[in-house]
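Below, chain A is the first sequence line, B the second, and so on; all start at residue 1. Please read all numbers here as calculations on a predicted model, not as lab measurements.
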There are 2 protein chains.
Amino acid sequence: MLACMNTAQASLTIGAVAKRVGVAIDTIRYYEREGLLPEPLRRASGYRSYDEGAVRQLRFIRRAKDLGFTLEEIRDLLALSADRHRGVKAVKQRAQQRLAVIEERIAELTRVRDGLAQMIESCPGHGSPEQCPILRALVADESAV
Amino acid sequence: MLACMNTAQASLTIGAVAKRVGVAIDTIRYYEREGLLPEPLRRASGYRSYDEGAVRQLRFIRRAKDLGFTLEEIRDLLALSADRHRGVKAVKQRAQQRLAVIEERIAELTRVRDGLAQMIESCPGHGSPEQCPILRALVADESAV
DNA sequence: ATAAACCTTAGACCTTGATCTAGAGTCAAG
DNA sequence: CTTGACTCTAGATCAAGGTCTAAGGTTTAT
């Protein structure tokens with residue numbers, strides 16, 4: 001841990017990796033079972049032994065997951081990275097598909113927000129329920145959320 | 001909740017409702033169990049008997065779900081319309097809370113979109129994985145699979 | 001040298017949001 | 001009146017993405 005600035009074999013335990021990436025130990029073993037992380041080296045005792053590359057790969061998985069990829073899709077992305085030439089194109093395409101889905105969702109939510117905001121604005125906040133645009137939209141109209 | 005002066009009690013079977021809304025029969029019963037749909041009237045035989053209000057409410061649930069709300073959130077959203085007796089004021093407050101949640105969700109998704117869009121933009125879409133920012137986090141070391 | 005803290009496995013369990021099954025009753029058309 | 005489509009219930013099952021347990025073995029710090 002001291003002067004180990006050196007490249008490859010940091011030999012981290014699973015707990016150390018979990019702590020560094022901010023993920024549960026069980027999750028790391030789960031990803032390994034699911035083929036998202038390669039099987040690591042083992043110490044004589046059987047303990048898993050990770051290096052910086054594993055930390056990077058785990059971070060990649062988490063980032064991809066945060067971007068809305070399913071584990072299945074991430075496994076796919078990782079497999080594609082093996083295809084050193086055509087892989088990049090496919091990865092970019094998939095990212096673009098993801099982006100389109102996310103943008104569509106943002107657009108929908110924005111429409112909903114605007115509708116709701118307008119309802120709130122035009123609701124007096126008192127009086128009879130029949131006059132409340134929020135209730136009218138929720139109960140009777142299709143264009144609410 | 002949806003007890004209105006509205007159109008006739010059409011007395012639809014669960015299957016008819018399912019067909020009209022485009023949802024499985026099981027899903028309707030599931031929503032009922034989960035408190036998203038009120039318990040419908042029953043025929044003498046025990047068959048559920050729905051009216052147009054139920055159809056509308058079910059459509060509302062599906063739309064909200066499509067927009068990424070959890071069933072829990074939808075139950076909450078529906079509670080807005082149940083608040084009639086506590087007054088328009090309470091309803092408006094709940095709507096405002098909901099608006100804040102939606103805006104937070106939009107902000108989150110926007111952050112995700114920006115991250116993804118930036119990666120895509122700086123990815124050439126061809127060449128070696130080393131040039132692809134989407135993969136670079138993963139392959140920074142040569143030991144990529 | 002002993003306790004605390006960590007690691008191993010297989011396998012059970014959790015949450016969400018449904019979907020399916022079995023065994024039974026009901027309804028509508030011919 | 002019979003047949004096939006429909007509905008009922010309770011409970012099992014699914015899929016994704018983990019999380020936890022039991023019953024150990026290993027390391028490390030005091």
Side-chain angles (χ1 to χ4, degrees), chain A residues 1-2 4 10-51 54-55 57-78 98 101 105, chain B residues 10-51 54-55 57-78 101 105:
Chain A
M1 79 159 80
L2 302 173
C4 277
S11 193
L12 299 156
T13 64
I14 193 172
V17 172
K19 201 167 184 182
R20 291 183 58 167
V21 178
V23 85
I25 287 175
D26 283 331
T27 303
I28 296 177
R29 285 195 282 245
Y30 172 69
Y31 287 170
E32 182 184 324
R33 282 200 298 284
E34 294 298 310
L36 291 160
L37 287 169
E39 296 198 2
L41 296 173
R42 300 287 184 136
R43 294 200 209 173
S45 62
Y47 281 26
R48 287 171 179 78
S49 177
Y50 295 96
D51 61 11
V55 172
Q57 182 155 341
L58 184 51
R59 287 209 173 108
F60 172 84
I61 292 168
R62 296 307 288 195
R63 243 193 332 274
K65 208 184 77 64
D66 287 347
L67 290 174
F69 291 92
T70 66
L71 297 191
E72 171 90 48
E73 289 168 325
I74 294 169
R75 193 175 12 234
D76 244 36
L77 286 179
L78 292 170
R98 249 321 95 195
V101 168
R105 203 187 264 320
Chain B
S11 194
L12 299 156
T13 64
I14 194 171
V17 173
K19 200 167 184 181
R20 291 183 59 169
V21 179
V23 83
I25 288 174
D26 285 331
T27 303
I28 296 177
R29 286 195 281 246
Y30 171 68
Y31 287 169
E32 181 185 326
R33 281 199 299 284
E34 294 297 311
L36 291 160
L37 287 170
E39 295 198 4
L41 296 173
R42 300 288 185 135
R43 293 200 211 173
S45 62
Y47 280 25
R48 288 170 179 81
S49 177
Y50 297 96
D51 61 10
V55 172
Q57 182 156 343
L58 184 51
R59 286 207 174 110
F60 172 85
I61 292 167
R62 295 306 291 192
R63 247 193 353 271
K65 202 195 71 74
D66 286 347
L67 290 174
F69 290 89
T70 65
L71 296 191
E72 170 94 49
E73 288 170 326
I74 295 169
R75 191 168 20 226
D76 209 44
L77 211 46
L78 287 167
V101 169
R105 195 180 286 266

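Rounding to whole angstrom units, CG of residue B:L41 and P of D:dC8 are separated by 13 Å. Rounded to whole Å, atom P of D:dT19 lies 13 Å from atom CD of A:E34. In this structure, the CD1 atom of A:I25 is 14 Å from the C1' atom of C:dT9, given to the nearest Å. Note: CZ (B:R75) to C1' (C:dT15) measures 13 Å, nearest angstrom. What separates CD of A:E73 from C1' of D:dA15 is a distance of 15 Å, to the nearest Å. Computed from coordinates, the B:I14 CD1 to C:dC27 P distance equals 15 Å when rounded to whole Å. Atom-to-atom, CZ of A:R43 to C1' of C:dT9 comes out at 18 Å; the value is rounded to the nearest Å. Look at CD on B:E72: it is 7 Å from P on C:dT16, rounded to the nearest Å.
Rounding to the nearest 0.5 Å places CZ of A:F69 at 11.5 Å from CZ of A:R63. Going from atom NZ of B:K65 over to atom CD1 of B:I74 covers 7.5 Å, rounded to the nearest 0.5 Å.
Inter-residue side-chain proximity for B:D51 and B:L41 is flagged as unmet; no heavy-atom pair is nearer than 4.5 Å.
Mapping A:A44 and B:G46 onto DNA chain D by nearest heavy atom places B:G46 closer to the 5' end of the strand. Heavy-atom distances to DNA chain C give each of B:T70 and A:S49 a nearest nucleotide, and the one nearer the 5′ end belongs to A:S49.
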The contact string for nucleotides 18-25 of chain C, one letter per nucleotide 5' to 3', using protein heavy atoms under 4.0 Å with B, S and - for base, sugar-phosphate only and none, comes out as BBB----B
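Nearest heavy-atom pair, A:P40 versus A:S49, reported as atom, atom and distance to 0.1 Å: CB-O, 3.8 Å. Annotation for A:L77 and A:F60: closest pair CD1-CZ, 4.5 Å, computed over non-hydrogen atoms.
When the local axes at the two ends of the helix from C:dA1-D:dT30 to C:dG30-D:dC1 are compared, using 5 base pairs at each end, they differ in direction by 10° after rounding to 10°.
Phosphate proximity of C:dC7 to A:R48: absent, as no side-chain N or O sits under 4.0 Å from OP1 or OP2. At the phosphate of D:dT9, OP1 or OP2 sits under 4.0 Å from a side-chain N or O atom of B:R42.
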Result block: side-chain N/O donor-acceptor pairs under 3.5 angstrom for residues 20-39 of chain A, not counting sequence neighbours:
{"residue": "A:R20", "atom": "NH1", "partner": "A:E52", "partner atom": "OE2", "Å": "2.9"}
{"residue": "A:R20", "atom": "NH2", "partner": "A:E52", "partner atom": "OE1", "Å": "3.2"}
{"residue": "A:R20", "atom": "NH2", "partner": "A:E52", "partner atom": "OE2", "Å": "3.3"}
{"residue": "A:Y31", "atom": "OH", "partner": "A:R62", "partner atom": "NH1", "Å": "2.7"}
{"residue": "A:E32", "atom": "OE1", "partner": "A:R48", "partner atom": "NE", "Å": "2.8"}

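Each of A:L12, A:V55, A:L58 was compared with A:Y50 under the side-chain contact (heavy atoms from CB on, under 4.5 Å) criterion, and only A:L12 meets it.
Residues passing the side chain to side chain donor-acceptor pair (under 3.5 Å) test with A:D76, sequence neighbours excluded: A:R94.
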